[in-house]
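Order of appearance sets the numbers: ligands from 1, and atoms from 1 within every ligand.
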Amino acid sequence: MSDTPTLPGHPHVARSGTTLQVEGVALDALAREHGTPLFVYSKQWMLDALAAYQRGFAGRDALICYAMKANSSLGVLRVFAEAGCGFDIVSGGELARVLAAGAEPGKVIFSGVGKTRAEMRQALAAGIGCFNVESEAELDVLNDVALAQGRRAPVSVRINPNVDPKTHPYISTGLKGNKFGVAHDRAVAVYRHAAALAGLQVVGIDCHIGSQITESSPYLDALDRILDLVQAIEAAGVPLHHIDFGGGLGIDYDGDTPPAADVLWKQLFARLDARGFGDRRILIEPGRSLVGNAGLCVTEVLYTKPGEEKNFCIVDAAMNDLPRPAMYQAFHRIVPVAERASLPATRYDVVGPVCESGDWLGRDRDLAVEAGDLLAVLSAGAYCMSMASNYNTRARAAEVLVSGANATLIRRRETVEDQLRTEQAL
Ligand SMILES: *Cc1c(COP(=O)(O)O)cnc(C)c1O
């Protein structure tokens with residue numbers, strides 16, 4: 001694809017002749033073979049995104065734990081497992097999924113405010129690397145569960161550093177009003193308590209301040225606040241083996257300019273070095289920044305519908321496939337798979353077939369399209385398929401992983417039989 005122009009911000013998506021391609025695979029052919037809506041992922045993009053973190057960590061003691069809730073498809077997990085990553089999980093289901101993908105249990109860390117006893121038992125039995133505990137009550141429950149199994153649970157406490165990540169309120173997690181983590185002021189007391197519990201082994205400290213963060217300053221502020229606590233907790237006699245700095249780095253959806261992972265980590269290590277923590281083991285939990293721009297969703301235009309105030313472009317993908325616009329008013333770029341030079345562009349709201357006014361994928365988009373054309377919804381690798389639902393008894397889409405000229409179906413399209421299998425009419 002060297003002689004084909006790539007889309008700005010999407011170096012693995014290029015226009016070649018009358019079609020877009022991902023790496024070396026044409027999207028029109030994929031859509032013909034597998035139908036639409038269809039998620040298509042670039043393996044090379046994922047590995048390149050991972051490499052930016054790896055450059056940032058060169059020569060350091062670090063583990064990258066892919067936050068798998070961003071995209072938990074087995075074929076995607078396998079890419080990161082083969083690259084040596086650890087994983088950040090948030091449920092027992094994710095644990096089973098990531099073990100099925102071949103992850104090493106010792107590289108799995110378990111986050112989330114509402115772990116059940118059954119999930120704790122499952123994770124202890126699997127031998128995961130760390131529980132990121134989010135409340136004092138959870139420490140006590142985990143201690144009970146571990147003692148009952150005759151084990152010690154490795155724990156970090158998730159601290160809420162109370163910094164503003166300057167992102168959407170629904171994906172900001174490190175402010176005082178959020179449900180996540182333990183308040184900064186309580187941290188030393190909570191660590192003293194944890195260290196006194198026989199079923200727990202304190203191994204680290206954890207924070208995660210939000211998602212789609214596009215500036216370095218919230219990270220630098222959070223790091224300072226966490227390092228202050230590391231000093232205070234260790235002065236209280238509780239050694240911390242690692243610092244887990246969470247995920248949250250943003251991607252370019254609409255001209256956003258987040259720092260590159262290696263640039264950000266150069267800044268963070270300068271701060272760690274300056275404060276004498278440069279040798280400390282570092283864990284991170286990136287999700288979106290490893291997969292978000294690796295994926296797109298191909299959808300077919302079903303109807304164009306002119307209106308008095310708005311024109312609608314009705315496509316076969318919907319909020320159940322691409323939930324981010326409905327949930328966060330999020331922006332995805334939408335581009336035609338084949339450009340039509342002869343047709344004038346019309347301003348459309350691109351919407352799905354679901355019976356909700358919230359079912360829109362893009363607003364006020366200038367597109368030259370007709371029924372039957374294919375569109376690509378970009379930046380759809382993170383928090384799309386993993387959030388997909390069966391609302392309106394819509395089958396979840398198929399997924400293809402592209403590597404060079406090869407395309408592998410990593411999830412077949414769901415059928416209505418798949419959906420009815422768990423139900424019974426009396
Ligand atoms: C969601 C989440 C992440 C990943 O966030 P991204 O913005 O996708 O990088 C990391 N850690 C925790 C605890 C999370 O809940």
Which one of Val377, Val13, Leu7, Leu296 satisfies the side-chain contact (heavy atoms from CB on, under 4.5 Å) criterion with Val335?
-> Leu7

Measuring from each atom of ligand 1, which residues have a heavy atom under 4.0 Å away?
-> Ala67, Lys69, Asp88, Ser111, Arg158, His208, Ser211, Gly247, Gly248, Glu285, Pro286, Gly287, Arg288, Tyr383

Atom CZ of Arg192: over 12 foreign heavy atoms under 6.0 Å | no

Within a reach of under 6.0 Å around CD of Glu414, are more than 12 heavy atoms found that belong to other residues, nucleotides or ligands?
-> yes

Taking only Lys NZ, Arg NE, NH1 and NH2, and the carboxylate oxygens of Asp or Glu, determine whether [X] and [Y] approach each other closer than 4.0 Å.
X: Arg394; Y: Asp316; answer: no
X: Asp48; Y: Lys43; answer: no
X: Asp364; Y: Lys310; answer: yes

